[in-house]
Q: 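One structure coming up, written as structure tokens, with questions to follow.
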Amino acid sequence: METRNIFENISCIDHRYSLSEADVFAGLSRYISEEAGIRSCARCEAALIKSHLKLQGRLTDETARTLDDIASRIDPAEVYEEEEKTKHNIRALVNVMKKKVPAEIAPLVHLGATSVDILDTALSCRMRDVTQNVVLPELKKLELNLCAIADRDAEVPQVGRTHGQHAVPITFGWSVAEFVSRLGKSILRIEELSTQLAGKLAGPVGAYNGPSMIVQNPEELERTYVSFLGLSASEYSNQLVEPEYLLRLLLEMNVAFGIIANLADDLRNLQRSEIGEVFEYFASTQVGSSTMPQKRNPWNSEHVKSLWKAMCPRVMTFYMDQISEHQRDLTNSASQRFIADYVAGFTMAAARMNSVVSGLQADKETMARNLENAGGKVKGGVLAEPAYILLGEAGVNDGHEIIRQITLEAEQTGKSFFEVLKSHTEAFEKITSQLKKLGIASPQTFFEHPANYRGLAAEKSRRLAKKYETLMK
């Protein structure tokens with residue numbers, strides 16, 4: 001078959017990303033390339049022959065090895081050439097295989113099967129294998145990198161942000177622990193769903209019409225067939241395997257994709273000039289702008305979000321492939337071929353996110369400075385919440401209004417929240433008295449530094465990091 005310079009390919013996955021994410025691309029190619037798809041179907045045809053021979057008591061180890069070897073070396077170009085004659089991809093594969101297997105078992109090629117017995121079963125095999133051997137390792141690597149940051153920076157003070165405004169203090173480890181928890185659960189679900197993909201050998205309408213002409217127990221033949229491929233049989237089949245097995249896996253991948261895109265967006269914003277709390281690794285030869293030499297753009301994080309924008313809407317197609325009229329129509333034939341693009345885009349985004357977080361550093365000085373100055377026009381204003389809560393605990397009914405007035409006074413005078421709070425002697429004494437009851441060290445100076453008010457951020461960051469580090473292993 002004619003080969004092509006990769007820069008003549010149409011899909012950016014096959015040129016731009018095959019080079020920038022070469023290792024990931026090579027891993028994906030082993031399972032979801034066109035060659036992999038044809039050879040996967042060939043392995044299913046080999047499994048069908050082995051099933052017939054096993055139930056006949058004629059299967060030998062040597063024959064099994066021969067069939068597997070033939071399937072692994074099927075030339076896609078030869079199958080495509082045959083398809084020019086047959087105008088049918090599976091019949092083309094069958095014709096090619098009949099010429100390659102020993103003559104005495106050639107009649108068993110595709111015997112009792114319909115095309116989708118091969119296609120859907122092969123797709124389940126490929127999706128299981130690419131998920132377990134390429135997608136999950138990349139996701140788990142990302143999760144472990146995030147666990148390391150959540151643990152490492154568990155106590156690095158940072159201002160919290162809600163609605164784009166400064167909120168109460170947290171730690172950088174805590175902000176990363178959010179993604180440790182969210183992505184970790186999604187990874188475990190993807191892993192579980194990858195083990196539940198199913199195959200079939202039930203014929204054109206799923207009622208085992210053809211197999212019932214071959215064996216007395218068609219379901220035993222089906223179980224034998226899918227067991228050779230490491231699958232279970234779909235509980236119900238028409239011509240198709242129930243679509244929900246694959247749909248649920250793809251949907252959970254999209255859940256994980258959204259989490260990774262959310263992380264990328266947060267990291268991108270934390271690198272804004274006016275925030276500057278984290279920074280990506282930037283090589284000495286790297287250029288941030290074609291015209292502004294000083295620029296260091298967060299382009300990797302932007303790249304991840306951009307891939308998510310391109311791939312996420314494909315979920316609608318996954319849902320639409322759920323519907324097939326009566327026992328089957330052909331409206332999922334073309335659309336399902338783009339599942340490979342989606343899996344590739346998702347995995348490459350995870351790989352790029354790995355390149356971001358593996359070299360990600362918190363600018364601790366900037367984080368500390370931003371936190372000290374947090375609170376809008378009131379320096380230290382982010383500590384208004386604990387002051388109001390402590391007054392409430394002390395039995396003050398209008399504590400919220402008292403603290404609101406203190407923040408307004410601080411804004412008008414230009415003094416810090418702590419300075420004005422101290423000047424309100426009665427309120428300050430009640431607040432410090434409550435802090436003493438809680439066992440807070442140095443209650444008189446608690447409000448001097450916002451970093452003192454962090455709740456369980458550090459403790460839970462470490463706890464989540466340890467939990468998911470263990471689960472990923």
Side-chain angles (χ1 to χ4, degrees), residues 153-178 265-278 362-461:
D153 294 336
E155 300 198 38
V156 175
Q158 183 187 29
V159 63
R161 293 174 171 90
T162 61
H163 307 278
Q165 305 294 310
H166 289 156
V168 297
I170 55 171
T171 69
F172 183 55
W174 178 244
S175 67
V176 174
E178 170 193 345
D265 217 27
D266 274 13
L267 294 179
R268 178 179 68 86
N269 277 302
L270 288 175
Q271 293 176 77
R272 298 171 73 97
S273 299
E274 61 270 28
I275 298 176
E277 292 187 352
V278 300
D363 188 329
K364 298 178 183 179
E365 291 183 5
T366 302
M367 281 189 181
R369 183 169 60 252
N370 287 347
L371 178 55
E372 287 291 327
N373 294 325
K377 296 179 180 179
V378 181
K379 183 178 180 181
V382 292
L383 291 179
E385 181 192 65
Y388 137 69
I389 290 173
L390 289 165
L391 279 180
E393 281 293 299
V396 178
N397 188 47
D398 57 347
H400 190 281
E401 179 60 22
I402 290 172
I403 299 302
R404 191 180 74 85
Q405 291 296 329
I406 288 173
T407 62
L408 290 175
E409 183 180 337
E411 183 178 339
Q412 291 163 2
T413 62
K415 295 179 180 179
S416 72
F417 176 76
F418 177 53
E419 289 175 298
V420 177
L421 180 64
K422 281 196 303 181
S423 69
H424 289 254
T425 309
E426 183 180 354
F428 187 67
E429 287 179 355
K430 289 180 178 180
I431 287 170
T432 53
S433 177
Q434 289 301 124
L435 288 171
K436 288 176 183 177
K437 290 179 183 179
L438 292 170
I440 300 294
S442 304
Q444 294 287 337
T445 59
F446 178 82
F447 285 86
E448 188 173 3
H449 298 294
N452 292 328
Y453 183 55
R454 70 181 192 194
L456 297 177
E459 294 83 351
K460 285 205 71 172
S461 297

Q: Can you list the residues that meet the side chain to side chain contact (heavy atoms under 4.5 Å, CB included) rule with A368, with sequence neighbours excluded?
A: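 Partners of A368 under the side chain to side chain contact (heavy atoms under 4.5 Å, CB included) test: none.
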Q: Could you work out, with salt bridge (Lys or Arg N to Asp or Glu O under 4.0 Å) as the rule, every residue matching E178, not counting sequence neighbours?
A: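 Checked E178 against salt bridge (Lys or Arg N to Asp or Glu O under 4.0 Å); matches are R182.
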Q: How many angstroms lie between atom CD of E409 and atom CZ of F417, to the nearest 0.5 angstrom?
A: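 Reported to 0.5 Å precision, the distance equals 11.0 Å.
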Q: Give the minimum heavy-atom separation between V378 and T407, together with the two atoms involved.
A: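 That would be CG2-O, 3.4 Å.
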Q: Listing request: all salt bridge (charged side-chain N to carboxylate O under 4.0 Å, His left out) pairs with a residue in residues 159-169, at least two apart in sequence or in separate chains.
A: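 Qualifying pairs: R161-E277.
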Q: Looking at A374 and V159, what are the two nearest heavy atoms and their distance?
A: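 Shortest heavy-atom contact: CB-CG2, 3.6 Å.
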Q: Can you measure from OH (Y453) to CG (L371) and round to the nearest 0.5 angstrom?
A: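 Here the interatomic distance stands at 12.5 Å.
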Q: Run the side-chain hydrogen bond (donor to acceptor under 3.5 Å, both in side chains) test against E372 and tell me which residues pass, sequence neighbours left out.
A: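 Scan of E372 (side-chain hydrogen bond (donor to acceptor under 3.5 Å, both in side chains), adjacent residues dropped) gives H449.
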Q: Closest heavy-atom contact between T366 and I275?
A: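 Scanning both residues, the minimum pair turns out to be CG2-O, 3.2 Å.
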Q: Determine whether I440 and N452 make a side-chain contact, defined as any pair of heavy atoms from C-beta on separated by less than 4.5 Å.
A: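 Heavy-atom side-chain distance check fails, nothing below 4.5 Å.
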Q: What pairs meet the side chain to side chain donor-acceptor pair (under 3.5 Å) rule with one or both residues in residues 436-446, with sequence neighbours excluded?
A: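 Matches after skipping sequence neighbours: Q434-K437.
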Q: Pair up each side-chain donor or acceptor in residues 169-176 with any protein partner under 3.5 Å, not counting sequence neighbours, and list the distances.
A:
from: T171; atom 1: OG1; to: A154; atom 2: O; distance (Å): 2.8
from: T171; atom 1: OG1; to: W174; atom 2: N; distance (Å): 3.1
from: S175; atom 1: OG; to: Q158; atom 2: OE1; distance (Å): 3.4
from: S175; atom 1: OG; to: F172; atom 2: O; distance (Å): 2.7

Q: Could you list the residues that satisfy side-chain hydrogen bond (donor to acceptor under 3.5 Å, both in side chains) with S416, not counting sequence neighbours?
A: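 Counting only residues at least two positions away or on another chain, S416 forms a side-chain hydrogen bond (donor to acceptor under 3.5 Å, both in side chains) with E419.
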Q: Check this for me: H424, atom NE2, are more than 12 non-hydrogen atoms of other residues, nucleotides or ligands nearer than 6.0 Å?
A: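 Yes, the 6.0 Å shell around NE2 holds more than 12 heavy atoms from other groups.
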Q: Can you measure from CG (N370) to NE2 (H166) and round to the nearest 0.5 angstrom?
A: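 Atom-to-atom, N370:CG and H166:NE2 are 6.0 Å apart.
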Q: Within the 4.5 Å heavy-atom criterion, are L383 and F418 side-chain neighbours or not?
A: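 A side-chain contact under 4.5 Å is absent here.
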Q: Considering residues at least two apart in sequence or located in another chain, which fulfil the side-chain hydrogen bond (donor to acceptor under 3.5 Å, both in side chains) criterion with Y388?
A: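 side-chain hydrogen bond (donor to acceptor under 3.5 Å, both in side chains) list for Y388, sorted by chain: empty.
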Q: Can you pull out every salt bridge (charged side-chain N to carboxylate O under 4.0 Å, His left out) where at least one residue sits in residues 439-460? Sequence neighbours excluded, please.
A: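 The answer is E155-R454.
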Q: Given F428, which of L391, I406, L421 fulfils the side-chain contact (heavy atoms from CB on, under 4.5 Å) condition?
A: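 Between F428 and the candidates, side-chain contact (heavy atoms from CB on, under 4.5 Å) is satisfied uniquely by L421.
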Q: Which pair of heavy atoms, one from P450 and one from V382, lies closest together, and at what distance?
A: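 In terms of heavy atoms, the two residues are closest at CB-CG2, 3.9 Å.
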Q: Measuring only between side-chain heavy atoms, which start at C-beta, is F446 closer than 4.5 Å to I431?
A: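 F446 vs I431: side chains apart.
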Q: Who pairs with K430 by salt bridge (Lys or Arg N to Asp or Glu O under 4.0 Å), at least two apart in sequence or on another chain?
A: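 Here the qualifying residues are E426.
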Q: Does S433 use its side chain to pair, donor to acceptor, with the backbone of E429 at less than 3.5 Å?
A: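 No: the side chain of S433 does not pair with the backbone of E429.
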Q: For D266, what residues pass the side-chain hydrogen bond (donor to acceptor under 3.5 Å, both in side chains) criterion, not counting sequence neighbours?
A: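 With neighbours one apart ignored, the set is empty.
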Q: For D153 and A362, which heavy atoms make the closest approach, and how far apart are they?
A: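 Closest approach of D153 to A362: OD2-CB, 4.0 Å.
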Q: Could you report the tightest heavy-atom contact between A167 and T162, atom names first, then the distance?
A: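 Smallest interatomic distance, heavy atoms only, reads CB-OG1, 3.9 Å.
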Q: Which residue pairs pass the salt bridge (charged side-chain N to carboxylate O under 4.0 Å, His left out) test when at least one of the two sits in residues 393-403, sequence neighbours left out?
A: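 For residues 393-403, and leaving out neighbouring residues, the salt bridge (charged side-chain N to carboxylate O under 4.0 Å, His left out) pairs sorted by first residue read E401-R404.
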